[in-house]
Amino acid sequence: MDKTSIGMIDALFRRHTRLHHLYLRDLRDGREWEIGMRRRYPIGSCFKLALVMAVFDALDVEEMDRPVTIAPEQHVNAAGVIKLIDSAISLTPHQLCQLVLTASDATATDILIARVGLDAVDRVLRRHAPDSHLACNLADMVEAFRAMPESATCKQRDWTKEALGHYVDRVADLGATHARDLAELALATWGYQPKLELRDHYQRCLDNRSRILLRSGMFTGARLFSKSGSLGFTFCINDTAVIFEAHGKQPIAIFGWCAAGSQLPAFVMETIGGEVGLFMLDSLGIERPFSPDWTAAGSAMVHGLER
């Protein structure tokens, strides 16, 4: 990574967050770079990569295609689309896995955790991301986070360094990770080999690229297999992906990043994630493609520069 790119990424995180960690590895030559503080960060929704692998470990093809009926009272009040339906709906575990990866659907997540067991998900997570762990399902994670006295006003608080670190540690008790672990988890998910009878199912999960949120990929022309996460309206935020060139079949890089302490609106943090993605493209020698949504004015805004 050239010094300009790493400096710009570091400056973005320092300007807009209080704690951050980024890991990037070029798979073509093995070079790797790490900035920020490697510590425990809340894992948010990124554990869902381990969940999908655990589901494919546990179920056979008949079970994967057998519909499950989900009643409204099973809905989880977090991200996703199933909760928008006010009547019972039947979906197969395969379809639930697709919703987990594309819409980060909370209801689909907890239905699948109940099916395969929390311990199985945590074992898969620790196998590929050894410093990471998952302590509870998503509904309990969200409920416990919201029950912390600081959470309702986490973005508005004037945090001391010590108080912020203590709070982030308590949130991370519910599920923890760091940037390098996230990158390795994304690569493991991409390279996972399911049972022969389920390989087509798994590939269809990976190939569905109509993701609602790409975060670091929102402005890039590179192809990503990605998963993002956040808690507290992006007070705690992370992202990870396997990166491909636009028409390439082999991955060329992996990355993960985690940050905490943002006081910005969620949509602004998503934009900053996109800007980080551009600098990672620069580092990897991939030409920035045209994006109808990127402007110099928008870039200047997130960097705090005058135009």
> Quick check: are there more than 12 heavy atoms from other residues, nucleotides or ligands sitting under 6.0 Å from OH of Tyr192?
Replying inline: yes
**Request:** Indicate whether the side chain of Gln74 and that of Thr107 have a donor and an acceptor atom separated by less than 3.5 Å.
**Result:** no
### Task
Begin from the C-alpha positions of His20 and Asp10 and carry the test side chain to side chain donor-acceptor pair (under 3.5 Å) through to its verdict.
CA-CA 9 Å; His20 69 280; Asp10 196 48; 2.7 Å; yes
Trp190 and Tyr202 aromatic centres sub-6.0 Å
no
* Asked: Do Leu91 and Val76 share a hydrophobic cluster, counting only Ile, Leu, Val, Met, Phe, Trp and Tyr and linking them when any side-chain heavy atoms are less than 4.5 Å apart?
  -> no
Sorted by chain and residue number, the side chain to side chain contact (heavy atoms under 4.5 Å, CB included) partners of Ala163 (sequence neighbours excluded) come out as Trp159, Thr160
Taking the side chain from Asp105 and the backbone from Val81, do they hold a donor-acceptor pair closer than 3.5 Å?
yes
Exercise. Salt-bridge test for Lys195 and Asp60: reply yes if a basic N is under 4.0 Å from a carboxylate O, no otherwise.
Key: no
message = Could you see if Tyr23 belongs to whatever hydrophobic cluster contains Leu19? Use Ile, Leu, Val, Met, Phe, Trp, Tyr and a side-chain cutoff under 4.5 Å.
response = no
- Taking NZ, NE, NH1 and NH2 as the nitrogens, is one of them in Asp131 or Arg180 under 4.0 Å from a carboxylate oxygen of the other? no
- Query: Is the closest side-chain heavy-atom distance between Ile43 and His133 below 4.5 Å?
  - Reply: no
Linking I/L/V/M/F/W/Y whenever any side-chain heavy atoms sit under 4.5 Å apart, do Ile35 and Trp33 land together?
-> yes
Test side chain to side chain donor-acceptor pair (under 3.5 Å), reference Thr153, set Arg157, Glu150, Gln156, output is Arg157
Discussion item. What I want to find out is whether Asp169 reaches Arg39 closely enough, with some N-O distance under 4.0 Å, to be called a salt bridge.
Written reply: yes
### Arg25 bridged to Glu184 by N-O distance under 4.0 Å
yes
Using a strict threshold of under 4.0 Å (side-chain N to carboxylate O), is an ion pair present between Asp119 and Arg123? no
| said: Membership question, hydrophobic clusters at under 4.5 Å side-chain separation (ILVMFWY): are Leu118 and Val68 in the same one? | reply: yes
What one should report as the nearest heavy-atom pair of Lys83 and His75 is CA-ND1, 3.4 Å
Joint cluster assignment, Ile237 & Phe267, ILVMFWY side-chain distance < 4.5 Å: yes
Requested in this report: Answer yes if the ring centres of His303 and Phe279 are under 6.0 angstrom apart, and no otherwise.
Outcome: yes
Tell me which donor-acceptor pairs under 3.5 Å the side chains of residues 139-146 have, and how far apart each pair is, sequence neighbours excluded?
from   : atom 1 : to    : atom 2 : distance (Å)
Arg146 : NH1    : Asn77 : O      : 3.4
Arg146 : NH2    : Asn77 : O      : 3.2

